[in-house]
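Remarks on the structure that follows.
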Amino acid sequence: MTERIIIFDTTLRDGEQSPGAALSVPEKVEIARQLEKLNVDVIEAGFPVSSPAQFDAVRRIAGTVEIGVAALARAHEKDILAARDALKEAVKPRIHTFSSTSDYHILGKFGDARYGATLSEKRQTVICMSVEAVQLAKSFCDDVEFSAEDAGRTDDVYLAEVIAAAIEAGATTVNIPDTTGYTLPGEYRAKIEALRRRVPHIDRAVISVHCHNDLGLAVANSLAGVQGGARQIECTINGIGERAGNAALEEIVMALKVRGDRMPFHTGIVTREIYNTSRMVSGFTGMIVQPNKAVVGANAFAHESGIHQDGMLKSRETYEIMTPEEVGVTETRIVLGRHSGRHGLKARLLELGYTVNEEELNRLYSRFTDLADKKKEIFDDDLRVLMGDSVTRATEGLTLDFLQVHLGTHAIPTAVVRLRREERVWEESATGDGPVAAVFNAIERALDHSYPIESYQVRSVTSGRGALGEALLRIRVNGIAYNGRGVSTDVVEASARAFIMAINHVEQNQNITRPIDWAYTG
Ligand code: KIV
Ligand code: ZN
C-alpha cells in the first residue's frame with residue numbers, strides 16, 4: 001500500500017500570475033473542467049478580493065466543478081469575506097489564507113510602527129493576524145488552509161510557532177511555500193521534518209509544499225518535501241507561474257508514478273489527460289511549452305539518433321521510462337475531414353477535453369468546415385487551436401471585421417483594417433516595413449494609440465501547406481505584460497488577431513487583475 005498525495009492545482013491563481021498570462025473567465029472555466037477530468041484534488045481558482053473578474057472566475061468555477069475549490073485570501077477580514085462569498089456554490093470549498101513569515105517579508109511589509117516597534121513584536125503581530133484569519137475562515141468553512149509566505153527563508157523555530165498557532169486556530173492544511181525558489185532539496189526536506197518534530201498536533205493538519213522554480217529546483221524540492229512528510233503538493237500545469245514559475249504538475253505526478261520504487265506514494269491523477277491539459281493551458285495563456293520540456297514537450301518522446309531509434313525498435317524500455325500513451329500523447333493522425341459532421345466534431349472535442357454547447361458547436365463547425373476546405377485533413381492539434389481560439393474570441397470586445405493587405409517584391413506593404421466593438425467601427429490604412437508591421441500600424445492608427453510589442457512569434461500548428469499558423473505576441477502597458485494569440489491559415493491575419501487579443505486583455509484587465517497590495521495595509 002502506498003500513501004496518497006493530494007494534488008492542489010494553482011494554475012488558475014499562481015499560474016495566472018505569469019507575465020502576460022491573464023485568462024478570461026470562460027477560459028478559466030474551461031481549464032477548470034479539464035482539471036476536474038485530470039482529477040486533481042483541489043483547484044485554486046483565484047484571489048476573489050483582488051478584482052471583480054477574479055471574484056467572478058472563482059464563483060463560476062465553484063458552481064461548475066464538484067472537486068475541491070480553493071480561494072486565496074490575505075489575513076484580512078475583507079479578503080476572507082470575499083473568498084467565502086465567491087465559494088458559496090462550491091461542493092467542497094476551501095479558504096486559503098496566508099501571512100508572510102520571513103524576516104525579509106516582515107520587515108518589508110510590516111515596516112509601519114503600528115505592527116510593532118521591533119522585529120520580535122512584528123513577528124507576534126503576524127501570529128495574531130494569522131490566528132484571527134484562520135478563525136474567521138473556519139467560522140465559514142471546515143476546510144481551511146494556512147500558508148506561511150516565504151517559509152523557505154523563514155527561521156525554523158519561528159515558523160514552527162506560526163504553524164502551531166494556525167493549527168490551534170483550526171487550519172486543516174498548513175502550506176510551507178518556498179516563495180522565492182531559494183531552498184535546496186535537502187534543506188527543504190529538513191524544514192518539513194523540523195516542523196514535524198517541533199509543532200505540537202502537527203498530525204491534525206496536512207503539510208503542503210508549494211515550490212517556486214527560480215533555481216530550477218521546484219519539482220525536486222516538492223518531492224523532497226514529500227519525502228520529509230508533506231502530503232499535499234501545490235503545482236501548476238506546464239510549471240507556469242510568477243517569474244520562473246511553480247513546480248510542474250505533470251513532472252511531479254510522473255516522477256511519483258515512474259519512481260514508485262523509491263517513493264511509495266500515489267496520486268489520483270488520470271495521467272492520460274496530462275497532454276490535453278497541457279495543450280489547453282498553453283493555448284489559452286499563449287505560453288509555449290518548450291520542445292525539450294519533460295513529459296509534455298514536443299520532443300519528450302522523440303528519438304532522433306540512430307542508436308536510440310534502433311534500441312527503441314528492439315525494445316521500448318531501452319530509452320523510455322514511461323510511454324507517451326500514459327500521458328495522453330497519441331500519434332499525430334488525421335482525425336477529421338471536410339465530410340465529417342457536427343457529431344464527429346463534438347465527439348472528438350470531448351475526447352480532447354473540451355465541452356461545447358450547441359451555439360459554440362455551430363460557430364466552431366463553420367470555422368472547421370472553412371479550415372477543412374483549405375487544408376483537407378484536420379489533426380487533433382488543429383482542433384485544439386480552433387477550439388481555444390473560439391473560446392477566446394467569444395470573450396473579445398474589439399474584433400477584426402476586415403483585413404486587406406497589399407504586398408509584392410517592389411510594392412510598399414500596405415494594410416487596411418476595419419475593427420468593431422459592438423456598434424462602433426474603426427477603419428484605417430497604413431504602410432509598414434512588412435505586411436505584419438503594416439497591419440499593426442493600421443490597428444494602432446485606427447485606435448489612435450500605440451502599444452509597444454515586447455515579443456512576437458509565428459509558428460505552424462501542424463504540418464503541411466495548409467497548416468494553421470499561430471501568432472503569439474506580448475505587449476506591455478504600464479509595466480504589465482499582456483499576451484495575445486491569433487490563429488488562421490494566413491499568418492498575417494493570425495498576427496492581427498493576436499494583436500487585437502492582447503489589446504482586449506489590456507482593456508479587460510488593466511487596473512483590475514493585480515491592483516492588490518500584497519502587504520497588509522488595506
Ligand atoms: O508563493 C507563495 O508564497 C504563494 C502563497 C500566496 C501561497 O503563492
Ligand atoms: Zn506561489
Side-chain angles (χ1 to χ4, degrees), residues 6-10 12-14 16 25 28-29 32 35-36 40-101 125-149 151 162-177 199 201-208 210 231-232 234 515-522:
I6 297 165
I7 296 293
F8 176 106
D9 180 279
T10 182
L12 298 177
R13 199 278 299 169
D14 224 353
E16 206 217 6
V25 175
K28 287 186 186 179
V29 172
L35 289 171
E36 184 167 45
V40 305
D41 298 287
V42 184
I43 295 175
E44 186 163 46
F47 189 8
V49 81
S50 68
S51 74
Q54 287 269 337
F55 184 92
D56 199 34
V58 177
R59 192 183 59 78
R60 294 264 307 274
I61 291 169
T64 303
V65 299
E66 293 186 1
I67 52 177
V69 179
L72 187 68
R74 292 168 302 176
H76 258 326
E77 186 181 355
K78 69 170 193 246
D79 289 38
I80 293 167
L81 297 183
R84 174 201 63 184
D85 294 346
L87 289 171
K88 260 195 184 117
E89 288 182 42
V91 177
K92 293 183 189 163
R94 173 182 293 190
I95 297 179
H96 176 193
T97 187
F98 69 98
S99 295
S100 301
T101 53
T125 305
V126 168
I127 294 185
C128 290
M129 290 173 74
S130 307
V131 166
E132 280 170 20
V134 171
Q135 283 171 340
L136 181 63
K138 195 76 184 178
S139 68
F140 304 129
C141 182
D142 286 340
D143 189 352
V144 173
E145 173 167 334
F146 172 77
S147 285
E149 196 187 11
V162 181
I163 295 299
I167 292 176
E168 191 58 35
T172 40
T173 300
V174 286
N175 186 33
I176 314 300
V199 176
H201 310 304
I202 188 73
D203 294 339
R204 286 190 196 158
V206 173
I207 302 178
S208 167
H210 175 118
R231 292 295 176 264
Q232 173 176 284
E234 303 199 349
I516 200 79
D517 177 1
W518 286 80
Y520 297 80
T521 50

Distance (rounded to the nearest 0.5 Å) between I127 CD1 and T101 OG1: 10.0 Å

Shortest non-hydrogen contact from P177 toward A148: CD-O, 3.1 Å

R74 to V49 - nearest heavy-atom pair and separation: NH2-CG1, 4.3 Å

Residue pair L136 / E132, side-chain heavy-atom distance below 4.5 Å: no

CD on Q232 to CD1 on I176, rounded to 0.5 Å: 11.0 Å

Nearest heavy-atom neighbours spanning T97 and A133: OG1-CB, 3.7 Å

Intermediate values then yes/no, side-chain contact (heavy atoms from CB on, under 4.5 Å), H96 and N175: CA-CA 9 Å; H96 176 193; N175 186 33; 4.3 Å; yes

Straight-line distance of F47 CZ to Q54 CD, nearest 0.5 Å: 8.0 Å

S208 (side chain) donor-acceptor with V174 (main chain) under 3.5 angstrom: no

Side-chain donor or acceptor of D9 paired with backbone N/O of I43 under 3.5 Å: no

Distance-only side-chain donor-acceptor flag, T173 / E145, under 3.5 Å: no

Test side chain to side chain contact (heavy atoms under 4.5 Å, CB included) applied to F146 and T172, I95, V131, V162, the passing residue: V162

Exercise: identify the closest heavy-atom pair between S99 and S130: OG-OG, 2.7 Å

Between CD on residue E168 and CD on residue Q135, distance to nearest 0.5 Å: 9.5 Å

Close side-chain approach of I202 and I207, heavy atoms under 4.5 Å: yes

Separation between NE2 of H210 and CD of E149, rounded to the nearest 0.5 Å: 8.5 Å

Which donor-acceptor pairs under 3.5 Å do side chains of residues 57-72 form with protein atoms, sequence neighbours excluded?
from	atom 1	to	atom 2	distance (Å)
R59	NE	D56	OD1	3.4
R59	NH2	D56	OD1	2.7
T64	OG1	R60	O	2.6

Pairing residues for T10 by the side chain to side chain donor-acceptor pair (under 3.5 Å) criterion, not counting sequence neighbours: E44

